[in-house]
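Below is one structure, written out as structure tokens; comments come after it.
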Amino acid sequence: MSHEKTPVVIIGAGPAGLLLSWALRDAGIDSIVVENRSQDYVLARIRAGVLEQGSVEYLTRLGLGERLKAEGLEHDGIYLQYGGERHRINFNDLIGRTVTVYGQQQVVKDLVTAHENAGSTIYYEATDVAVHDLDSAAPSVTFGHGGEKHTVSADFVVGADGFHGICRSAIPAHDITLFDRSYPFAWLGILADVAPSSDELVYALHEDGFAMLSMRSPEVSRLYIQVDPADDIARWSDERIWGALQTRLGVPGWTLTEGPITDKSITPMRSFVASTLSYGTLFLVGDAGHIVPPTGAKGLNSAISDVTQLAEALAAHYRQDDALLARYSETALARQWRVQQFSRWMTDMLHRSPGDLQSDAFDYRSQVGQLDYVTHSPHAQRMLAEQYTGLLL
Ligand code: APR
Ligand code: PHB
């Protein structure tokens, strides 16, 4: 039986939990992280790969920018493609801001390394993780680790345990409402050992469905196609995947170079927001409180935005100022709803909804009209640029 005390106990060692613990350390506040999976599992999880400019600046300010600066690929814009034509939206020209392509996996690796070097307390492979007394000033977390029962008492518990975690469900049902929207499609994503065939990301609407070209490095491509959420990855041979990518991404005079596929999976899409990110001495960050469909590349950036706000609020609390903490849920959710709106807009603009044929044909033409507008109006382009590179308000 081990009993520890720490100011903040964080459930979950995904990007949100690891970053919050690191930001608190930077502010001179100790924390303990409790994770139910292994460190190898956490390090191997492949997710999105675009960092907003504000996310890059925050990671850099916290001393996590060295490999990000050396290996991250700074992009001035993206391509939007429809009707067999590709249009560049140059964020840097439009509003003087950029994004950086750097895999979430790399962000997590940098955080794990930084914590290891600093000697942080992170319990991986914790079992039976449970939270207690969240409505009191003395909450605690219990779990098993290495055959021993652990109790950690804290001033605050932070739920950074993702969509399927235990913290959000620990909030009594009458104190929380869940808002969500599912989509009638999913993304089939691959990693391939081949140089990206485009200098910047390509988002394409095609009559067969959405497709996208992204990358992880000058040698590794990341590509996606829209599929049915009930589809089985076993039905998608490498040849079939490349065939669909060639059709949907193809434009005259451009070649999509194929290469060995090293990973493939199907991910469902959903939009989800909890009505509150706080309850008593519990605070939620990242996917525990909200999920976006990946089309706007906002999942990781939203987690970083929550962490930025919560770390500042907790630091203020230890300086005897609770105003920010009292407002954390409200301010984080206000930003999140703006991000939700953008992610849904991008998703609806670029995916084909299977429906009855007549409304389907109408929807497709309307989507093309929207893309025509966005790619030709400087006002619409600035709106896209401002949201894609990260809202400053
Ligand atoms: N006890 C301890 N840890 C848990 C528990 C539990 N009961 N349940 C889940 N976890 C862990 C998971 O194993 C995972 O490592 O919490 C972590 C949550 O990490 P993520 O799911 O990556 O969520 P978050 O850190 O909020 O990151 C958000 O991930 O899904 C993407 O698009 C999303 O990029 C965004 C980012
Ligand atoms: C990715 O590279 O995985 C990626 C990029 C942009 C998105 C989604 C995913 O919008």
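Keep in mind that the numbers below use all heavy atoms, side chains included, and drop hydrogens, waters and symmetry copies. The structure displayed is predicted, hence computed values, not measured ones. All ligand and atom numbering here is 1-based and tracks the order in the structure.
- In the vicinity of Ala48, heavy-atom distances shorter than 4.0 Å reach the ligand 2 atoms 3 (O).
- With ligand atoms numbered from 1 in the order given, ligand 1 contributes 3 (N), 11 (C), 16 (O), 17 (C) to contacts under 4.0 Å with heavy atoms of Gly12.
- Scanning His290, Glu125, Glu35 for the heavy atom closest to atom 15 (O) of ligand 1 points to Glu35.
- Under 4.0 Å from ligand 2, not a single heavy atom of Val101 appears.
- The closest heavy-atom contact to atom 23 (O) of ligand 1, among the options Gly162, Ala297, Gly286, comes from Gly162.
- Of the protein's non-hydrogen atoms, Asp287 OD1, 3.4 Å is the one closest to atom 28 (C) of ligand 1.
- Shortest non-hydrogen contact noted between Arg216 and Leu191 is CG-CD2, 3.8 Å.
- Close N/O approach between Tyr388 and ligand 2 is not found [any backbone or side-chain N/O within under 3.5 Å].
- No donor-acceptor distance shorter than 3.5 angstrom exists from the side chain of Ser21 to the backbone of Gly17, with no hydrogens or angles considered.
- For ligand 1 and Ile166, the ligand atoms under 4.0 Å from any heavy atom of the residue are 7 (N).
- Using a 4.0 Å cut-off between heavy atoms, Val34 contacts ligand 1 through its backbone alone, with no side-chain atom that close.
- Those atoms of ligand 1 that come under 4.0 Å of a heavy atom in Ala160, given as number and element, are 16 (O), 17 (C), 18 (C).
- Each of the atoms 6 (C), 7 (C), 10 (O) of ligand 2 lies under 4.0 Å from some heavy atom of Ala297.
- Ring planes of Phe143 and His150: parallel class, angle under 30° (limits at 30 and 60°).
- Side-chain rings of Phe179 and Phe272 stay apart, their centers remaining 6.0 Å or farther from each other.
- In this structure, a donor-acceptor pair under 3.5 Å is absent between the side chains of Glu85 and Gln81.
- Here Tyr102 has no heavy atoms under 4.0 Å from ligand 2, in either its backbone or its side chain.
- Side-chain contact, Thr98 with His75: no donor N or O sits under 3.5 Å from an acceptor N or O.
- Nearest non-hydrogen protein atom to atom 24 (P) of ligand 1 is Ala16 CB, 3.9 Å.
- When the options Met212, Arg222, Arg47 are ranked by their closest heavy atom to atom 5 (C) of ligand 2, first place goes to Met212.
- The protein heavy-atom contact nearest to atom 9 (C) of ligand 1 is Asp161 O, 3.2 Å.
- Side-chain N/O atoms of His290 and Ser302 include no donor and acceptor closer than 3.5 Å.
- For the residue pair Tyr183 and Ser271, a side-chain donor N or O sits within less than 3.5 Å of a side-chain acceptor on the partner.
- Set against the non-hydrogen atoms of Gly49, the atoms of ligand 2 under 4.0 Å away are 1 (C), 2 (O), 3 (O).
- Counting atoms of ligand 2 from 1 in the listed order, those under 4.0 Å from a heavy atom of Thr295 are 10 (O).
- Among all non-hydrogen protein atoms, the one lying nearest atom 3 (O) of ligand 2 is Tyr224 OH, 2.5 Å.
- Asp110 and Tyr102 form a side-chain donor-acceptor contact under 3.5 Å, judged by distance and modelled atom types alone.
- Between His87 and His376, the ring centre distance stays below 6.0 Å.
- Residue contact check: Leu300 has heavy atoms under 4.0 Å from atoms 34 (O), 35 (C) of ligand 1.
- In the model, Gln106 has a side-chain atom that pairs as donor or acceptor with a side-chain atom of Arg67 under 3.5 Å.
- Near Arg37, meaning under 4.0 Å from one of its heavy atoms, ligand 1 places the atoms 13 (O).
- Between the side chains of Glu116 and Gln39, at least one donor N or O sits under 3.5 Å from an acceptor N or O.
- Every heavy atom of Met346 sits 4.0 Å or more from the atoms of ligand 2.
- Applying the 6.0 Å contact sphere to CZ of Arg88 captures more than 12 heavy atoms from other residues, nucleotides or ligands.
- Applying the salt bridge (Lys or Arg N to Asp or Glu O under 4.0 Å) test to residues at least two apart or on different chains, none of the pairs has a partner in residues 141-164.
- A side-chain donor from one of Thr331 and Gln309 sits under 3.5 Å from a side-chain acceptor of the other.
- Comparing heavy-atom distances from atom 5 (C) of ligand 1 across Val50, Asn301, Asn36, Ile304 singles out Asn36 as nearest.
- Short contacts between ligand 1 and Gly165, defined as distances under 4.0 Å to a heavy atom of the residue, involve ligand atoms 8 (N).
- Annotation: the span from Phe156 atom CZ to Tyr318 atom OH amounts to 5.0 Å, rounded to 0.5 Å.
- For ligand 2, the atoms sitting less than 4.0 Å from at least one non-hydrogen atom of Leu201 are 5 (C), 6 (C), numbered in the order shown with element in parentheses.
- Using a 4.0 Å cutoff on heavy atoms, Pro15 counts as a contact of ligand 1.
- Closest heavy-atom approach to atom 14 (C) of ligand 1 within the set His164, Arg47, Arg45: this belongs to Arg45.
- Residue Gly14 has at least one heavy-atom neighbour below 4.0 Å for each of these atoms of ligand 1: 15 (O), 17 (C), 19 (O), 25 (O).
- Ring centroid separation for the pair His206 and Tyr82 does not come in under the 6.0 Å cut-off.
- Of the N or O atoms in Pro294, one or more lie within a sub-3.5 Å distance of an N or O in ligand 2.
- A ring-centre distance under 6.0 Å is not found for Tyr79 and Tyr203.
- Distances below 4.0 Å separate heavy atoms of Trp187 from the following atoms of ligand 2: 8 (C).
- Using a 4.0 Å heavy-atom cutoff, Ala48 is absent from the residues neighbouring ligand 1.
- Among the atoms of Ser214, some N or O lies under 3.5 angstrom from an N or O of ligand 2.
- For atom 10 (O) of ligand 2, the closest non-hydrogen atom of the protein is Tyr203 OH, 2.6 Å.
- Looking at Gly17 next to ligand 1, no N or O pair under 3.5 Å apart turns up.
- A distance-only check finds a donor-acceptor pair linking the side chain of Arg382 to the backbone of Leu94 [under 3.5 Å].
- The protein heavy-atom contact nearest to atom 32 (O) of ligand 1 is Gly299 CA, 3.5 Å.
- What sits closest to atom 34 (O) of ligand 1 on the protein, heavy atoms only, is Gln104 OE1, 2.5 Å.
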